[in-house]
Amino acid sequence: MSTEDVVRLAAGEAEVSVDAGDGGRLSSLRIGGVELLRQGAGFGSFPMVPWCGRVAEGRFRDGAEVWRLPLNDPPHAIHGTGREMPWKVALASGTETVLTCELGEPWPYPGRVTQRIALEDGALTLSMGVEAYESSFPAQIGWHPWFLRDLGRGGEGARLEFDAAWQEERGGDHLPTGRRIAPLPGPWDDCFGMPDGVDVKVVWPGELELTVASREQWVVVYDEQAEAVCVEPQTGPPNGLNTLPRLVTQLDPLEASTTWSWRRLG
């Protein structure tokens, strides 16, 4: 990580570090000096683009064409290519930054991704847009934060609170089967549907409550790891390039946003 690639934002008691050179990810989110994101390679919070979650066997169809993606989570492809590419800083101020990334190999279509990260006192808003240069193409976008389960101050571990309309049934291959079922108790590595918009609370009892909100209808919740929990708002379910593609054209980009807000407890 080059320090030249890191943009630092601050507002109120919040501090954010954005590492453009490492997949345009948030490498740190500190509230009152307390780190909320798991540290280390591959963690923090990264943008998922141009797809979210797993793509079955790394293959997707666009019309008559079948494309193959690298199997970075065999036997599937997972979480897009944006998190593995360097982004360019287009704008940086004390509370806001704009990053851009060019889509290309191994993704078969040229295009551009723009990510805006804006911090204010008590909230962080992440926005992303995908533009097509030439041919239209299917795409998904979302965010994958790794919130620490334990904030290291002797409190209880993080608790997740949400009310979903349905859960995408998960098959033995970790992909949705296409059936919607009543939400099951955790632990989870599952996609949930929230037709009125994503609204999930990460609660560290007696310490902090953080709400992940988005106008999108899908969120993946992952809490099978001892160190962290993930709340991932996204524009479609896993394997959505095959089951629920959203077409990006020169006139119709794909855009989404999520806002994380917090308040102290106790």
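Residue indices begin at 1 and follow the sequence shown.
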Does any N or O in the side chain of [X] come within less than 3.5 Å of the main-chain N or O of [Y], such that one atom is a donor and the other an acceptor?
X    : Y    : result
E35  : L37  : yes
H76  : D173 : yes
T177 : R170 : no
D5   : A20  : no
T97  : L91  : yes
D190 : V221 : no
R25  : F43  : yes
S28  : S17  : no
W188 : L184 : yes
Q140 : T235 : no

Beyond-backbone contact of [X] with [Y], side-chain heavy atoms, under 4.5 angstrom:
X    : Y    : value
L9   : T95  : no
R83  : T81  : no
E156 : V203 : no
L99  : Q115 : yes
W143 : M128 : yes
P138 : L241 : yes

Starting at [atom1] of [X], measure out to [atom2] of [Y] and round the result to the nearest 0.5 Å.
X    : Y    : atom1 : atom2 : result
S257 : R215 : OG    : CZ    : 5.0 Å
L251 : E131 : CG    : CD    : 11.5 Å
R159 : D223 : CZ    : CG    : 13.5 Å
Y222 : H144 : OH    : NE2   : 8.5 Å
I141 : E255 : CD1   : CD    : 8.0 Å
E105 : M85  : CD    : CE    : 10.0 Å

Would [X] end up clustered with [Y] when hydrophobic side chains under 4.5 Å apart are linked, directly or stepwise?
X    : Y    : value
V212 : L151 : yes
V219 : F162 : yes
W146 : I78  : no
M48  : V55  : no
I31  : L210 : yes

Are [X] and [Y] ion-paired here, with the side-chain N under 4.0 Å from a carboxylate O?
X    : Y    : result
E102 : R112 : yes
E96  : R116 : yes
D73  : R54  : yes
R264 : E13  : yes

> What heavy-atom pair brings T100 and A90 nearest, and what distance separates the two atoms?
Replying inline: CG2-CB, 4.3 Å
> Which atom names give the shortest non-hydrogen contact between P86 and C101, and what distance separates them?
Replying inline: O-SG, 4.2 Å
> Listed by chain and number, what are the salt bridge (charged side-chain N to carboxylate O under 4.0 Å, His left out) partners of E216, not counting sequence neighbours?
Replying inline: none
> Do L26 and D19 pass the side-chain contact (heavy atoms from CB on, under 4.5 Å) test, and can you show the C-alpha distance, the side-chain angles, and the key distance before you say yes or no?
Replying inline: CA-CA 6 Å; L26 304 185; D19 193 341; over 6 Å; no
> Between R38 and Q225, do the side chains contain an N or O donor and an N or O acceptor separated by less than 3.5 Å?
Replying inline: yes
> Are T125 and T259 linked by a side-chain donor-acceptor pair shorter than 3.5 Å?
Replying inline: yes
> So N239 and F60, side-chain contact (heavy atoms from CB on, under 4.5 Å) or not? Walk me through it.
Replying inline: CA-CA 9 Å; N239 201 33; F60 72 96; over 6 Å; no
>> Under the ring pair (Phe, Tyr, Trp, His ring centres under 6.0 Å) definition, can you give me all pairs with a residue in residues 233-266, not counting sequence neighbours?
In response: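 Only F147-W260 qualify under ring pair (Phe, Tyr, Trp, His ring centres under 6.0 Å).
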How about [X] and [Y]: are their ring centroids closer than 6.0 Å?
X    : Y   : answer
F46  : H79 : yes
Y109 : W51 : no
F137 : W67 : no

>> Is it true that, when you exclude E134 itself, more than 12 heavy atoms of the residues, nucleotides or ligands shown sit nearer than 6.0 Å to its CD?
In response: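 Result for CD/E134: open.
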> Is there a salt bridge (Lys or Arg N to Asp or Glu O under 4.0 Å) between K201 and E161 once you walk through the steps?
Replying inline: CA-CA 5 Å; K201 288 180 171 55; E161 298 179 357; over 6 Å; no
>> With salt bridge (Lys or Arg N to Asp or Glu O under 4.0 Å) as the criterion, how do E168 and R180 come out once you've worked through the C-alpha distance, each side chain's angles and the decisive distance to 0.1 Å?
In response: CA-CA 5 Å; E168 300 283 347; R180 291 179 175 178; 3.7 Å; yes
>> Let's go through V200 and T211 carefully: what are the C-alpha distance in whole Å and the side-chain angles of both, what is the deciding distance for side-chain contact (heavy atoms from CB on, under 4.5 Å) to 0.1 Å, and is it a yes or a no?
In response: CA-CA 6 Å; V200 180; T211 300; over 6 Å; no
> Of all residues at least two apart in sequence or in a different chain, which pass the side-chain hydrogen bond (donor to acceptor under 3.5 Å, both in side chains) check with S261?
Replying inline: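 With sequence neighbours excluded, S261 shows a side-chain hydrogen bond (donor to acceptor under 3.5 Å, both in side chains) to no residue whatsoever.
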> What's the verdict on side-chain contact (heavy atoms from CB on, under 4.5 Å) for L36 and L148, showing C-alpha distance, side-chain angles and the deciding distance?
Replying inline: CA-CA 6 Å; L36 302 190; L148 286 168; 5.9 Å; no
